[in-house]
Amino acid sequence: MKYVFFDIDGTIRGKSREITKRNKEAICKLRENGHKAFLCTGRAPVSITQDILDVGFDGVISAAGSFIQIDGEYIYENFLDSKLLQQAIVLFSNAQVGFTLETKDELFQSGYAREYMERRQIKDTQANPELARFFEKRNQAFKPITEYDPGKDKVTKIVFIAYDKYALLDTVPHLSKDFNVVVFSKPEDDFINGEIISKNCTKADAIERVMDYYHASMEDTIAFGDSMNDYQMLEKANQGIVFEGAKEKLLDIAYDTFKDPDQDGIALSLEKLGLI
């Protein structure tokens, strides 16, 4: 039995924002053949849409490893330390970096982030699936940061976006002591976007926790991903399968590559691995 972990944006679905029929069928066939399939995403639980869940998975790792659900039950939850969180909020606010605080059930957006989203056109997200995700449910999902209650709302991850790359980069030395800082944007972009997550709670850590839950071996793990927030899980899994158009740093650790998900890349790769 293999335990197969899939990122969402840029992995099981591409720029079309849809999962192809063949990729859906392949994941279903994977499970029919006795293997287990998991989502392993940076998205908060509230940001995972029903069309994705309807594909059918044995479990869901969300918020970049902060939450683990198996058969609909949470077996693990992790939240950022409140003092470290407040330090990050102050750093971003002082640097005029837009940010979103992700909790289990809510997304709280700062004024700078809302301003950015209102000004930026959706077309600018076409080459950046992670940024497309950031925009996707802007009108209904995000609450203003003024509604965030530090005493009640436990935060799992912070997503950031800024016009001034250097202002953001100036915060990194302070943040990197306590967080993994992941950048999604490309050097040529006129903005910088990414996220900060717990150092002890990455997608790789979550995969290990899943395997401990099943009393299974890491030798039986396969992970599919395309962006830098997948790096740890692709490196940790026995076989890390990387999108062929990913950054060189990811391709350097790849066991193999998969083609564009809009061209049935997941299905083709699972067939190549002999799993379907």
Side-chain angles (χ1 to χ4, degrees), residues 40-48 60-69 74-117 130-131 133-138 141-185 191-206 209 227-233:
C40 193
T41 178
R43 291 183 180 216
V46 71
S47 297
I48 303 174
V60 177
I61 295 168
S62 56
S66 292
F67 296 116
I68 302 173
Q69 287 175 281
Y74 282 96
I75 67 163
Y76 180 81
E77 298 182 13
N78 180 74
F79 302 94
L80 299 182
D81 177 85
S82 59
K83 290 183 179 179
L84 296 178
L85 171 62
Q86 290 306 313
Q87 291 172 14
I89 290 174
V90 170
L91 280 170
F92 282 155
S93 297
N94 289 343
Q96 298 187 0
V97 172
F99 62 89
T100 298
L101 306 181
E102 297 193 353
T103 73
K104 189 174 181 179
D105 303 306
E106 306 285 357
L107 306 174
F108 297 95
Q109 186 182 64
S110 75
Y112 287 119
R114 180 169 295 278
E115 175 190 343
Y116 184 92
M117 292 176 68
E130 294 291 343
L131 185 60
R133 178 181 72 80
F134 190 76
F135 277 93
E136 188 175 51
K137 298 179 71 177
R138 61 179 177 173
F142 294 106
K143 290 188 173 182
I145 196 68
T146 52
E147 295 187 22
Y148 165 63
D149 182 349
K152 177 177 71 72
D153 301 310
K154 295 181 178 180
V155 174
T156 63
K157 188 181 69 170
I158 307 177
V159 177
F160 61 78
I161 191 163
Y163 294 112
D164 188 340
K165 299 181 185 182
Y166 297 104
L168 183 282
L169 293 174
D170 284 344
T171 70
V172 171
H174 304 284
L175 295 168
S176 58
K177 294 182 293 184
D178 302 298
F179 301 99
N180 284 320
V181 182
V182 183
V183 174
F184 300 133
S185 50
F191 62 90
I192 186 167
N193 76 300
E195 64 188 20
I196 61 174
I197 57 179
S198 295
K199 279 200 168 181
N200 65 343
C201 194
T202 66
K203 290 183 177 183
D205 296 315
R209 290 181 174 110
S227 68
M228 288 307 298
N229 71 342
D230 300 318
Y231 185 91
Q232 289 96 342
M233 80 164 184

Considering non-hydrogen atoms only, spot the tightest contact between [X] and [Y] and give its length.
| X | Y | result |
| --- | --- | --- |
| Tyr163 | Glu115 | OH-O, 4.4 Å |
| Cys201 | Gly65 | SG-O, 3.1 Å |
| Cys40 | Met233 | SG-SD, 3.6 Å |
| Ile68 | Ile61 | CG1-CG1, 4.3 Å |
| Glu102 | Val159 | OE2-CG2, 3.2 Å |
| Lys157 | Leu80 | N-CD1, 4.1 Å |

Using atom types as modelled and distance alone, determine if a side-chain donor or acceptor of [X] lies under 3.5 Å from a backbone N or O of [Y].
| X | Y | result |
| --- | --- | --- |
| Asp170 | Ala167 | no |
| Asn193 | Ser185 | yes |
| Ser110 | Ile145 | no |
| Thr103 | Asp105 | yes |

Taking atom NZ as the centre, does Lys104 end up with more than 12 heavy-atom neighbours from other residues, nucleotides or ligands that are less than 6.0 angstrom away?
yes
To the nearest 0.5 Å, tell me how far [X] [atom1] sits from [Y] [atom2].
| X | Y | atom1 | atom2 | answer |
| --- | --- | --- | --- | --- |
| Tyr112 | Ser93 | OH | OG | 8.0 Å |
| Phe142 | Phe108 | CZ | CZ | 12.0 Å |
| Ile192 | Leu168 | CD1 | CG | 4.5 Å |
| Asn78 | Lys154 | CG | NZ | 10.5 Å |
| Glu77 | Gln69 | CD | CD | 9.0 Å |
| Thr41 | Lys203 | OG1 | NZ | 5.5 Å |

Stepwise side-chain contact (heavy atoms from CB on, under 4.5 Å) check, Asp164 with Gln96
CA-CA 8 Å; Asp164 188 340; Gln96 298 187 0; over 6 Å; no
Can the ring centroids of Phe160 and Phe191 be said to lie less than 6.0 angstrom from one another?
no
Starting from the C-alpha separation in whole Å, work towards a yes-or-no answer on side-chain contact (heavy atoms from CB on, under 4.5 Å) for Lys143 and Tyr148.
CA-CA 8 Å; Lys143 290 188 173 182; Tyr148 165 63; over 6 Å; no
Could you go through Phe179 and Ile158, starting from their C-alpha distance and side-chain angles, then the distance that decides it, and tell me whether this counts as side-chain contact (heavy atoms from CB on, under 4.5 Å)?
CA-CA 10 Å; Phe179 301 99; Ile158 307 177; 5.6 Å; no
Would you indicate whether the side-chain heavy atoms of [Y] and [X] approach each other to under 4.5 Å?
| X | Y | result |
| --- | --- | --- |
| Phe92 | Ile196 | yes |
| Leu101 | Asp153 | no |
| Gln86 | Ile89 | yes |

